S.K.: 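To start, I am sharing the structure in question, which I have written as C-alpha cells.
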Amino acid sequence: MGPGCAFFDADGDGWLDILIVNGKSWTGHGPRATAALYRNDQHGHFTDITAGSGLDFEAHGIGVTIGDFDNDGREDVYITALEGDRLLHNEGGGRFRDVTAAAGIHNANFGTSAAWLDYDQDGKLDLFVANYVQWTPDADLYCSLDGSTKSYCTPESYKGTSSKLFRNLGGGKFADVTEQAGLGDPTAKSLGVAAFDYDGDGFTDLFVANDTQPNKLYHNLKNGKFQEVGLSAGVAFGEDGVARAAMGADAADYDRSGRPHLIVGNFSNQMLGLYHNEGNGLFVDEAPKSAVGRASLLKLTFGLFFFDYDLDGYPDILAANGHLDEEIERVQPKVMYQQTPLLLRNQGKGVFEEVAAFPTPMVARGMAYGDFDRDGDLDVLIATNHGPAHLYRNDVYRNDGGNGNHWINVRLEGTRSNRDGIGAVVRVTSAAGTQWQAVHSGSSFCSASDLALTFGLGSDEKATSVEIRWPGGTRQVLKDVLAGQHLVIQQQ
C-alpha cells in the first residue's frame, strides 16, 4: 500500500527537506530499513541525515503527515505504520523525539493517510488517521489472479476498521474522540482523507476515501460532532451506484466558482472521480463526460492532487499511478503494472487536457508537491512500491525555458490560530480575477505537501490584494503585492 512521502522544513532553515516512509523486512533477516530524511542543501542537492535524527527506526511504515501540533514553530511528524503509528516531536536542527506514548496516541490499525486539522477551532491541531482493514501477516489469505501465482486478495476478504480522531488537549496530550465526534465506522476501509470546508461555513469537514466501501463525507456541526452526508451529497459511490476502490483524494476550486471540489483516485477501469461542488450540498461527478475520465480509465491511482504547475492561476491535476499485481498484464492486456503519472492541465471553464510531462512508468504510491528550489513553481516528489523515489524539478518559471508566468508564495504563521494556519483561506486578486486556496494537511495518498500556498498570476506582475481569513473568521488584507515573492504572513 505504501509508501508515503513529504516536503517539509525539518531543520527550520526555510528550505524544504524530504521525508520518505519505508517498510522493513517481513522475515527480519533483510537489510535494516528505516524512513529516509534528506536535508535540502539549497543548491539543488540533498544530504541523507536520517542517522541519529530520531526517524531512523524500523517499522512497516505507510504514510506521513506534517504539522506543528504544539505551536512551537517547528514542524512535527506523524508516521502511520502497520504495527503502530508514531508521533515525532521536532526538537530542532533536524532531530526528532518519539512522544507517541506520552501524547496518549495509540493506533495500531493499519493506518494509511492522516491529516492535521483544527476541527474545533481552539487554536490547536487535532489529528485524523485513516485506517484500512484488519490484517496481519499471520492472517494473510491466499488468493490468485491467474490461478497459479499468489496475488493480493481484494479488500472484501478482510473486515474493516474504524479511523481515528485525536483531539489536541494541549500540553502535548491527545484524547481519542472518534466515537463522541460521530466518526466511528467499523466497516470503513479507508485509504485517503481530504480536510476541507465544503459548505463554506468556516469549519473544516472531512472526506474519507474508502476501498470497496462507500466514501464518507463528514459535515462539521461546529459542536465537536460530525454528521455523515456522503450518500446525500453524491460522493459515496460511482455513477453506477457501486462503491469504488478509492485511494487518494484532494479538494480545490478548479473553476473559480468559489466552492471547493473533490477529486478521488480509483482502481483501473473505474476512472478518477471529479466531484463538482454545486453549492447546495450536492456534488456531481464530471469525470465520465470529460477528458479526466477518458485519460484515467486504465490507471490505478494512489496519490493525486490539484496544483497550479504552469502558474496560470487555475489548479491542474496530477495523479500518481501503478497497479497492485505484477501479473495484471497477463489477464488484462490493456492495464499495465508500471504506469506513467497523469498530468491534466486546466484550460479554464472546467476543461482539462492531458499533458505528456511524466514519461517514466513506475509503480507509484505516495506523492507530494513543494517548491524545493525556491524558484516559484511547484516541484513533485513521488514514492514507489519496491523501487526508488522520483524527484521532479518544475522548470515552468525558470529563466532557461520558463513560460514567463508570475507567482506569489504565501506561508501563514498563526498566533491566535494554530501556528501553521491550517484551515485559513487566502484570496488573491489580480487583474485576471480572484482565486483562493485553503491551507490544508492531508490529501494525496499517505503523503504531505508543503503547507505554503503558491498562486500563479499568469502575466499579472502584482496582486492588487491578498486577503487572509484566519480560522475563527478574523481577516487580514495586504494591498499591491508584487509577484515573485515568498511571503510569510503573521496573524495580526
Side-chain angles (χ1 to χ4, degrees), residues 62-63 65 67 69 78-87 99-136 155 158-199 201 203-233 235-236 243 246 249 418 422-423 441-442 446 471:
I62 301 171
T65 190
F69 75 83
Y78 187 87
I79 292 178
T80 60
L82 180 66
E83 63 272 62
D85 301 351
R86 306 280 188 104
L87 176 62
V99 296
T100 316
I105 289 178
H106 178 72
N107 188 63
N109 299 286
F110 205 147
T112 53
S113 298
W116 295 101
L117 71 157
D118 186 3
Y119 77 95
D120 53 2
Q121 293 195 0
D122 65 353
K124 300 184 293 291
L125 288 179
D126 312 298
L127 177 67
F128 180 87
V129 184
N131 289 321
Y132 191 40
V133 295
Q134 297 181 36
W135 179 90
T136 66
Y158 300 98
K159 294 181 179 179
T161 185
S162 179
S163 296
K164 296 287 185 181
L165 178 65
F166 296 99
R167 181 171 182 261
N168 191 334
L169 304 177
K173 302 290 185 181
F174 289 79
D176 185 343
V177 296
T178 310
E179 295 299 329
Q180 65 194 68
L183 298 175
D185 179 9
T187 68
K189 300 175 182 180
S190 304
L191 291 175
V193 56
F196 73 119
D197 179 10
Y198 80 88
D199 57 351
D201 66 356
F203 281 73
T204 303
D205 311 299
L206 287 166
F207 172 82
V208 181
N210 283 314
D211 188 357
T212 70
Q213 291 291 311
N215 298 324
K216 299 298 175 72
L217 179 61
Y218 293 101
H219 179 224
N220 192 329
L221 300 179
K222 309 179 187 180
N223 60 0
K225 298 182 182 298
F226 292 80
Q227 179 186 11
E228 206 287 300
V229 296
L231 182 59
S232 61
V235 299
N418 68 85
I422 289 176
S441 171
C446 290

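Note that the numbering runs from 1 along the sequence shown for the chain. Everything numeric here is computed off the predicted structure, so don't read it as measured data.
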S.K.: Quick check on the 6.0 Å ring-centre criterion: do F110 and Y132 meet it?
M.R.: yes
S.K.: Between I62 and G111, which heavy-atom pair has the shortest distance, and what is it?
M.R.: CD1-O, 3.3 Å
S.K.: Between T204 and Y119, is a side-chain contact (heavy atoms from CB on, under 4.5 Å) present by the stated rule, with each step listed?
M.R.: CA-CA 6 Å; T204 303; Y119 77 95; 5.5 Å; no
S.K.: Can you confirm whether K159 sits close enough to V133 that some side-chain heavy atom of one is under 4.5 Å from a side-chain heavy atom of the other?
M.R.: no
S.K.: Roughly how far, to the nearest 0.5 Å, is the NZ atom of K216 from the CG atom of N210?
M.R.: 6.5 Å
S.K.: Which atom pair, heavy atoms only, marks the closest approach of P471 to N418?
M.R.: CG-ND2, 4.4 Å
S.K.: If I take atom NZ from residue K189 and atom CD from residue Q134, how far apart are they, to the nearest 0.5 angstrom?
M.R.: 9.5 Å
S.K.: What distance do D122 atom CG and R167 atom CZ have between them, rounded to the nearest 0.5 Å?
M.R.: 5.5 Å
S.K.: Measuring from atom CG of L127 to atom OG1 of T65, what distance do you get when rounded to the nearest 0.5 angstrom?
M.R.: 7.0 Å
S.K.: Can you name the nearest heavy-atom pair linking N215 to E228, along with the distance?
M.R.: O-OE2, 4.3 Å
S.K.: Establish, yes or no, whether a centroid distance under 6.0 Å links the rings of F174 and F69.
M.R.: yes
S.K.: Rounded to the nearest 0.5 Å, how far apart are CD1 of I422 and CG of L117?
M.R.: 8.0 Å
S.K.: If you define the side chain from C-beta out and look only at heavy atoms, does anything of Y218 sit under 4.5 Å from F207?
M.R.: no
S.K.: Please name the pair of heavy atoms, one in T80 and one in A114, separated by the smallest distance, quoted to 0.1 Å.
M.R.: CG2-CB, 4.3 Å
S.K.: Is any side-chain heavy atom of L183 closer than 4.5 Å to one of L206?
M.R.: yes
S.K.: Compute the centroid of each ring, for Y198 and then for H219, and state whether the two points are separated by less than 6.0 Å.
M.R.: yes
S.K.: What residue among N107, T112, D185, T161 forms side chain to side chain donor-acceptor pair (under 3.5 Å) with N131?
M.R.: N107
S.K.: Might you work through the salt bridge (Lys or Arg N to Asp or Glu O under 4.0 Å) test for D176 and K164, ending with a clear yes or no?
M.R.: CA-CA 7 Å; D176 185 343; K164 296 287 185 181; 3.4 Å; yes
S.K.: Over all heavy atoms of both residues, which pair between D211 and P155 is shortest? Give the atoms and the distance, please.
M.R.: OD2-CG, 3.2 Å
S.K.: Using modelled atom types only, decide if a donor and an acceptor are shared between the side chain of S441 and the backbone of A115 within a distance under 3.5 Å.
M.R.: no
S.K.: Could you state the interatomic distance from CZ (F166) to CG (D126), rounded to the nearest 0.5 Å?
M.R.: 11.5 Å
S.K.: Begin with the C-alpha distance, continue with both residues' side-chain angles, and end with the deciding distance and a verdict on side-chain contact (heavy atoms from CB on, under 4.5 Å) for S162 and T178.
M.R.: CA-CA 9 Å; S162 179; T178 310; 3.9 Å; yes
S.K.: May I ask you to test the Y78-T100 pair for a side-chain heavy-atom distance under 4.5 Å?
M.R.: no
S.K.: What is the minimum heavy-atom distance between C446 and S113, and which atoms define it?
M.R.: N-OG, 2.8 Å
